[in-house]
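What follows is a single structure, written as structure tokens, with notes after it.
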Amino acid sequence: MHTNLGRAPLSTAARRAVDAAAGYCDLEYDLEAGRRGSRAARLDPLLAEAAGAEAGIAVNNAAAGLVLCLAALAAGRQVVVSRGELVEIGGSFRLPEIMAAAGARLVEVGTTNRTRAGDYRHGDDVALLLVVHPSNYRVVGFAQTPALAEVAAVARERGVPLVHDVGSGLLEDRPEAWAAGEPSVRGSLAQGADLVVCSGDKLLGGPQAGLVAGRRDLVAACDGHPLARALRLDKLRVAALVATLEAHLRGDLAELPVWAALHADPAVLAARSQALAVRVGGRVAEGASLVGGGAAPGREVPGPVVRVPCPAPADAARRLRAGDPPTIVRVAGDAVELDLRTVAPADDGSLAERVAGAVTGPG
Ligand SMILES: *Cc1c(COP(=O)(O)O)cnc(C)c1O
């Protein structure tokens, strides 16, 4: 996934749902009763079910979800956060500034590299404890963070909710090597988080959206806040998100392009790479795909790449970017590199033509 390239591509079902919703739709209409219905009637229960939570709502993106939680649950009061998690997700999304914008007062605890559960006992007018997953960097070396369950125990002892921004929208803990240490929505709730916030377009594999799921009273407080209306989803994204969540609930992860890529059969990838290499005058080398997109920081999925040596790889890459549709390749030394994990198999043929033309084409 790449934040610069639109993050998660939508599934075929989600694209069809978007297309169907583009005209008139029953977004806020009760077809059976023949009158006004609730825009959340379908999505919210589905979201709660997928999250394994009492309740859930969806807003514009995870950043909006966090702003809404803070505004609804902590305006004018303190929010306790580890100094190791005062993150910048990108652009102007910096946690201390988001907190200020939402009207909450930040209480920093612990240090950049080490925070212990007991540190979360600081503050005297605390509304909630906040744990934020560092999703685009890792602290290595002399580093320590408490288990979420330990922070949850402090939250219970203090009688305040624990809000966990898990980031990627991974719904449940996964056994794959790249997912080691990546928190999931269900895992976080099981460890005692009261409310979980995540993105819809990272490992959830859907449209840009922010999911807020957890305790019914806390979700209701968020839903009832005036900002909820300003941050709500439009009909196209509701349609795409419903289709995406339905795929998760059916256990049909292969339907979601992000998961199809992460789980691509190594033998099939190797054969496709070999066929491409032959067509473009390259060779297959061992490589890896970064999960990326603000998920599983630094984690790679090993797999083949096709290296195509050429005299001026940066020029070839520029010609490929100028194509229609644009093709983005890696430039590595004296070659351009292609990773078919992120290419739909149906596009292999046209990709081969484009690459063959670009590596030999005029400067
Ligand atoms: C990606 C991410 C966000 C922001 O998500 P958007 O949906 O892009 O707003 C917030 N917090 C964490 C931990 C993230 O990984």
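The chain is numbered in sequence order, starting from 1. What you see below is based on every heavy atom in this structure, not just the backbone, and it leaves out hydrogens, waters and symmetry mates. Numbering of ligands and ligand atoms starts at 1, following listing order.
Between Asp26 and Arg42, none of the side-chain N atoms (NZ, or NE/NH1/NH2) sits under 4.0 Å from a carboxylate O, so this pair counts as no salt bridge. A salt bridge is absent between Glu182 and Arg174; no separation between the charged side-chain nitrogens and carboxylate oxygens falls under 4.0 Å. A salt bridge does not link Glu150 with Arg116: every distance from a Lys NZ or Arg NE/NH1/NH2 to an Asp or Glu carboxylate oxygen is 4.0 Å or more.
Donor-acceptor pairing under 3.5 Å is lacking for the side chains of Asn113 and Gln144.
Using a 4.5 Å cut-off between side-chain heavy atoms of Ile, Leu, Val, Met, Phe, Trp and Tyr, Trp259 falls into a hydrophobic cluster with Met1, Leu170, Trp178, Leu203, Leu253, Leu256, Val258, Leu262, Val291, Val301.
If you look at Gln208 next to ligand 1, there are no close heavy atoms at all, none under 4.0 Å.
When only non-hydrogen protein atoms are considered, atom 10 (C) of ligand 1 lies nearest to Asp165 OD2, 3.4 Å. The protein atom (non-hydrogen) at minimum distance from atom 14 (C) of ligand 1 is Lys202 NZ, 3.0 Å. Atom 15 (O) of ligand 1 has Ser135 OG, 2.4 Å as its closest protein atom, hydrogens excluded (heavy atom only).
Using a non-hydrogen distance threshold of 4.0 Å, Arg7 registers as a contact of ligand 1.
Listed by first and then second residue, the salt bridge (charged side-chain N to carboxylate O under 4.0 Å, His left out) pairs that reach into residues 81-93 are Arg83-Glu108, Glu88-Arg94, sequence neighbours excluded.
Considering both main-chain and side-chain atoms, His133 never comes within under 3.5 Å of ligand 1 through any nitrogen or oxygen pair. On a distance-only criterion, Val132 and ligand 1 share no N/O pair closer than 3.5 Å. Distances between N or O atoms of Ala63 and those of ligand 1 include at least one value under 3.5 Å. Not a single N or O atom of Asp201, backbone or side chain, sits closer than 3.5 Å to an N or O atom of ligand 1.
Near Asn61, meaning under 4.0 Å from any of its heavy atoms, are these atoms of ligand 1: 6 (P), 7 (O), 9 (O). For ligand 1, the atoms lying closer than 4.0 Å to a non-hydrogen atom of Gly294 are 15 (O). For ligand 1, the atoms lying closer than 4.0 Å to a non-hydrogen atom of Gly167 are 12 (C), 13 (C), 14 (C), 15 (O).
A cation-pi arrangement, defined by a distance under 6.0 Å to the six-membered ring centre and an angle within 45 degrees of its axis, is absent between Arg35 and Tyr29.
In this structure, Val329 is not a member of the same hydrophobic cluster as Val305, with clusters built from ILVMFWY side-chain heavy atoms closer than 4.5 Å.
The backbone N or O of Gly294 lies less than 3.5 Å from a partner atom in the side chain of Lys202, making a donor-acceptor pair.
When Pro297, Ser168, Ser199 are ranked by how near their heavy atoms come to atom 6 (P) of ligand 1, first place goes to Ser199.
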